[in-house]
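In what follows, a structure is listed as structure tokens, so that the remarks can point back to it.
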There are 2 protein chains.
Amino acid sequence: MGSGLNLNILLRIFSYDYLSLTNRYTIDDMNATPSLPATAYAVLGLLTFGHDLSGYELRGWAQGSFRHFYWSPAQSQIYRELKKLEEVGFVESSAVPQADRPDKTAYTITEIGRRALSHWVASKPVDRPVLKHHPAMRLFFGHLVEPSLLIEILEEHVSSLMQTLDDLEMQSAALTGDETSGFSPLVFDWAAEIHRGDLRGAEMVIKHLTTRG
Amino acid sequence: MGSGLNLNILLRIFSYDYLSLTNRYTIDDMNATPSLPATAYAVLGLLTFGHDLSGYELRGWAQGSFRHFYWSPAQSQIYRELKKLEEVGFVESSAVPQADRPDKTAYTITEIGRRALSHWVASKPVDRPVLKHHPAMRLFFGHLVEPSLLIEILEEHVSSLMQTLDDLEMQSAALTGDETSGFSPLVFDWAAEIHRGDLRGAEMVIKHLTTRG
DNA sequence: CGTTGCATGTAAGGTGTTACATGATTAC
DNA sequence: GTAATCATGTAACACCTTACATGCAACG
């Protein structure tokens, strides 16, 4: 362990109230990753693709990029995560003058933020994916309603899936070959496979319901 | 609208603090569905398969049945939802004497609970599925770490998926043909398709990473 | 002249988790 | 005897959302 580290600091780093930290991390502290919520790292990670972004822009990027394989956080939460990240020293903000507009606050990832993030990316255990499949939940209790109502719900789900697939294929195509996009096209392809599985399943269910209902 | 219904009651029913309700629902109020969280309906729905269950048993059933297509709530939350459900009159509890053990409290769905649930099952809009795919999120930021670490994470995910698939296939096989299981085998088959899509995607990613890393 | 987009936030409260407390029974 | 399972809960708090407030600029 490095120079600036004592038990007191460690306790504060790994306790939940990191918001009350007055000291920032030093590189010496980086033997372990502090327990920031995954959302904080997700926001932090968006700053590693080479652009300094404002809270507002981050919201847009989050919506555009993780929408289909992670949920996208509410805008108010992004601002809150940014505040926390700045307090622990993982990002730095700077005012960017805008023509004829109030300034915007752009965030840059710091070296120490980058290290913490890299550590988190490879850290284990990785939580298992969490799926909250509302249409499947409706089917699970489908014995309580008319099959025709179930089919309606399923068909809406199918058409929403097709839109999602279109979107994913477009995004993947647009980014493949782009040096700065990292593994994101690969992630979009992966997400597309998941959604195609969902589609196959939903169509199987519809077929089952129509041939005996 | 029915006899016992006035604006005041409506406001209380559709406001969030249904916990403070002193009046219970009557069947007349059932033209619409109150905004209970999906979790409450999920718990309520488990009581429609013909068994009266205790909080403890419900936790087990939830874990066993929706684990793979919905998340399973913490035990403490199940107890809280049951309390709420009883307060609005959707379930009734009765003490069941246990040999040589403290009594357990078994819950039964009421007629009005059943109506509310049926209404909810067919109500729209149905929320889109929410996926929080942690391994995919790691890959999304994979440009920050060694590819070998990514492959490790992916391979662990693959083996976890295979267990899930085994589990789903077993459950589907066990329940197919069982009159009392409703559509649940169909849901398990659907979930299996989703997980097979995930598997296909993860294997594609691994192949991609190994052939150029 | 109203709506949409950019941009940043606060207030309030719902949703869900972890950790703990309790107590008896069964199994090793 | 000590661990695991059955069984029920409370306390504390992390996480996240909705709704609102603000202000300016551009579009039609």
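Quick note on labels: first sequence line is chain A, next is B, and so on, each numbered from 1.
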Tell me: CD of B/E57 to C1' of D/dC6, nearest whole Å? 9 Å
Of the nucleotides C/dT17, D/dT8, D/dC15, which has the atom closest to the A/K84 side chain? D/dC15
Take atom CZ of B/R59 and atom C1' of C/dT18, then tell me their distance rounded to the nearest Å. 14 Å
Exactly one candidate in A/E81, A/E86, A/E87 meets salt bridge (charged side-chain N to carboxylate O under 4.0 Å, His left out) with A/K84; the answer is A/E81
Between C/dA24 and B/K104, is there an OP1 or OP2 to side-chain N/O distance shorter than 4.0 Å? no
Interatomic distance where CG belongs to B/L36 and P belongs to C/dG13 [whole Å]: 19 Å
In whole Å, I'd like the distance from the NZ atom of B/K132 to the P atom of D/dT17. 8 Å
Rounded to the Å, how far apart are A/L53 CG and C/dT8 P? 11 Å
Would you say the ring centroid of B/F188 lies under 6.0 angstrom from that of B/H68? no
Aromatic ring pairing A/Y41/A/F90, orientation class (parallel under 30°, perpendicular over 60°, tilted between): tilted
Which nucleotide, D/dT8, C/dA7, C/dT17, lies nearest any side-chain atom of B/Q75? D/dT8
Measuring to OP1 and OP2 of C/dT10, would you say a side-chain N or O of A/K83 lies under 4.0 angstrom away? yes
Is there a side-chain polar atom (N or O) of B/S54 under 4.0 Å from OP1 or OP2 of D/dT8? yes
Measure from the side chain of A/T39, starting at C-beta and using heavy atoms only, and say which of C/dG9, D/dC16, D/dA7 lies closest. D/dC16
Rounded distance (Å) that lies between atom P of C/dG16 and atom CD of B/E81: 7 Å
Kindly say whether, by distance alone, the side chain of A/S76 makes a donor-acceptor pair under 3.5 Å with the base of D/dT18? yes
Euclidean distance, atom CD of residue B/Q63 to atom C1' of D/dA7 [Å, nearest integer]: 15 Å
Side-chain donor/acceptor contact of A/R80 with base of D/dT17 under 3.5 Å: yes
What nucleotide among C/dT17, D/dA7, C/dT8 has an atom nearest to a side-chain atom of B/Q77? C/dT17
Does A/Y56 make a side-chain N or O approach to OP1 or OP2 of C/dC6 shorter than 4.0 Å? yes
Taking only the side-chain nitrogens and oxygens of B/W71, find out if one of them lies under 4.0 Å from OP1 or OP2 of C/dT17. yes
B/R200 charged N/C atom sitting above A/W190 aromatic ring, 6.0 Å / 45°: no
Do any side-chain nitrogens or oxygens of B/Y79 fall under 4.0 Å of OP1 or OP2 in D/dG9? no
Short N-O contact, B/R67 and B/D167, less than 4.0 angstrom: yes
Whole-Å gap separating P (C/dC6) and CD1 (A/I78): 14 Å
